[in-house]
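Data block below; observations after.
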There are 2 protein chains.
Amino acid sequence: MTVAKARPANRREQILREATIMFTAHGYDGMSIRGIAKCCGITESAIYRHFNNKEDLYESVIKRKAGQHDIKGTLAKNEGLDSIEDVLTFIAQDILDLASKNTQLMHLMFRSSFQSGPTALQLFMEIRLPYIEFLARELEFREKSGELQKVDPFTSSCCFVGMVMDCALNTGVWTTLTNQKFEAENVICNNVPIFVRGLMKSVVS
Amino acid sequence: MTVAKARPANRREQILREATIMFTAHGYDGMSIRGIAKCCGITESAIYRHFNNKEDLYESVIKRKAGQHDIKGTLAKNEGLDSIEDVLTFIAQDILDLASKNTQLMHLMFRSSFQSGPTALQLFMEIRLPYIEFLARELEFREKSGELQKVDPFTSSCCFVGMVMDCALNTGVWTTLTNQKFEAENVICNNVPIFVRGLMKSVVS
DNA sequence: AATAGGAGTAAACGTTTATTGACTTGGGGA
DNA sequence: TCCCCAAGTCAATAAACGTTTACTCCTATT
């Protein structure tokens, strides 16, 4: 009496989608093969036709997400911006856009960084690192050209990107925790200028 | 033949200690009653003499950690610092100190914020929020007195604290990921001045 | 038309999970 | 001295876990 169900075009993709949802919501130990199977409307065994084991499935989830965004590529297209203000605004805007359109990605990045294994830092490397390296290069160049104060490009870049990432991750928290409004645009309007004034040599207030 | 083991002064505290280690390392689902019991040298049932269930134990872990640090209190003792530079330096130093002396706390804070339930944001509220409110008040005061540029105190404070927290959490990551050095002192030497210059009205470069 | 194999099923595997129950200590107060 | 009770033990529970097995479709290729 075993009746085969309808087979969607690519089951593998569906499983990965559901597993991603599960993992972002409950973490590795909280995502169960059973639960994912149920969400897909198939049995657990069917999942093992597509993935060797749970760890394999997990790694595939991370790799898939990493493959969905080519940060390095999009950044490369935006080299040569005029002022440092443009650069910082662009980066902040880009990260906050990415985060708001793709909440999953951010949570996945932080969750996976707590996980052990080979894919622990993959999302950090493919999402966060490109931003940092991009900004660090811009800072280094502009520092040498005399536009900026004497600062350590890498540290400054890490901090700026970290600040924006932190905002992106916690926008929801602050609005529920306090009654203050705390939105992406405010961060850009408010803090990019602070950084700009702090970085530039001559200041026009 | 059931022999009762030696009973340490406060077993409860020992259980909480081991559970904290387990939770910071493996998360809620990854921390097992069995594992904790084994670490304490007792049986699982013994744990249920001290806690109603796993969730109760978990909540106790969070509450205990929250009770170990009186951020609000220590901040209150440091009101009335001279310059905004002193304020920012103090905050950054304090957070990075706290983080380096108590790595657990930071990881616990982020892990718990991903968890659902009543204690989800407790550590955020008792650790992070006091810093933000403290700095926001300082900024608001100094803005009104004309010392600072026109900025939104809350947003600026959120961002600064977020930046430092992010640094504290990821210092380890960057040093292993890149060969660049990225340490607490560098962050303070480098980024506090940037913020100061960015916030102040008149700049002495 | 025959067939090979990809993709599904039901059922069971052994293990681990959180939790409970019944029993046993040992030390402090009556 | 007796006895109570907090804090242990051992043993058992049902449920959930990841994984494997044996079997069955459906479909594309030959």
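A, B, ... follow the sequence lines: proteins, then strands. Residue 1 opens every chain. No hydrogens, no waters, no symmetry mates; every other heavy atom, side chains included, goes into these values.
- Residue A:Thr43 has no polar side-chain atom (N or O) positioned under 4.0 Å from OP1 or OP2 of C:dG8.
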- Message: For a side-chain contact (heavy atoms from CB on, under 4.5 Å) check, start with the C-alpha distance between A:Leu139 and A:Leu199, then their side-chain angles and the critical distance, and finish with the verdict.
- Response: CA-CA 9 Å; A:Leu139 289 177; A:Leu199 287 168; 4.0 Å; yes

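- Put simply, CD1 on B:Ile47 is 14 Å from P on D:dC10, counting in whole angstrom units.
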- Task: Just do the side-chain contact (heavy atoms from CB on, under 4.5 Å) check on B:Thr89 and B:Leu81 with the steps written out, would you?
- Result: CA-CA 11 Å; B:Thr89 305; B:Leu81 284 170; over 6 Å; no

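- With hydrogens and angles ignored, the 3.5 Å screen pairs a side-chain donor or acceptor of A:Ser100 with a backbone N or O of A:Asp97.
- Between B:Asn10 atom CG and D:dA7 atom P the separation is 10 Å, expressed in whole Å.
- Five base pairs at each end of the helix from C:dA1-D:dT30 to C:dA12-D:dT19 define two local axes, and these are offset by 10° (rounded to 10°).
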- Item | Nucleotide-resolved protein contact map, nucleotides 12-21 of chain C, B/S/- at heavy-atom distance under 4.0 Å | -----BSBBB

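- Ring pair B:Phe114/A:His107 is tilted by interplanar angle, where 30° to 60° counts as tilted.
- Between the side chain of B:Ser113 and the main chain of B:Phe110, a donor-acceptor pair closer than 3.5 Å is present.
- Residue A:Asp56 contributes atom CG, which lies 12 Å from atom P of D:dT20 at whole-angstrom precision.
- Phosphate proximity of D:dG8 to B:His50: present, with a side-chain N or O under 4.0 Å from OP1 or OP2.
- Rounding to whole angstrom units, CD of residue B:Gln14 and C1' of D:dG8 are separated by 13 Å.
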- Task: With side chain to side chain donor-acceptor pair (under 3.5 Å) as the test, would you mind laying out the steps for B:Glu18 and B:Gln14 before giving the verdict?
- Result: CA-CA 6 Å; B:Glu18 297 297 339; B:Gln14 185 197 13; 5.2 Å; no

- side chain to side chain donor-acceptor pair (under 3.5 Å) between A:Lys65 and A:Gln104: does it pass, once the steps are laid out? CA-CA 9 Å; A:Lys65 256 289 175 250; A:Gln104 260 193 355; 3.2 Å; yes

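- If you measure from atom CZ of B:Arg11 to atom P of D:dC5, you get 22 Å, rounded to the nearest angstrom.
- Using the six-membered ring where Trp is involved, B:Tyr28 and B:Tyr58 have ring planes that are perpendicular, over 60° apart on the 30 and 60° scheme.
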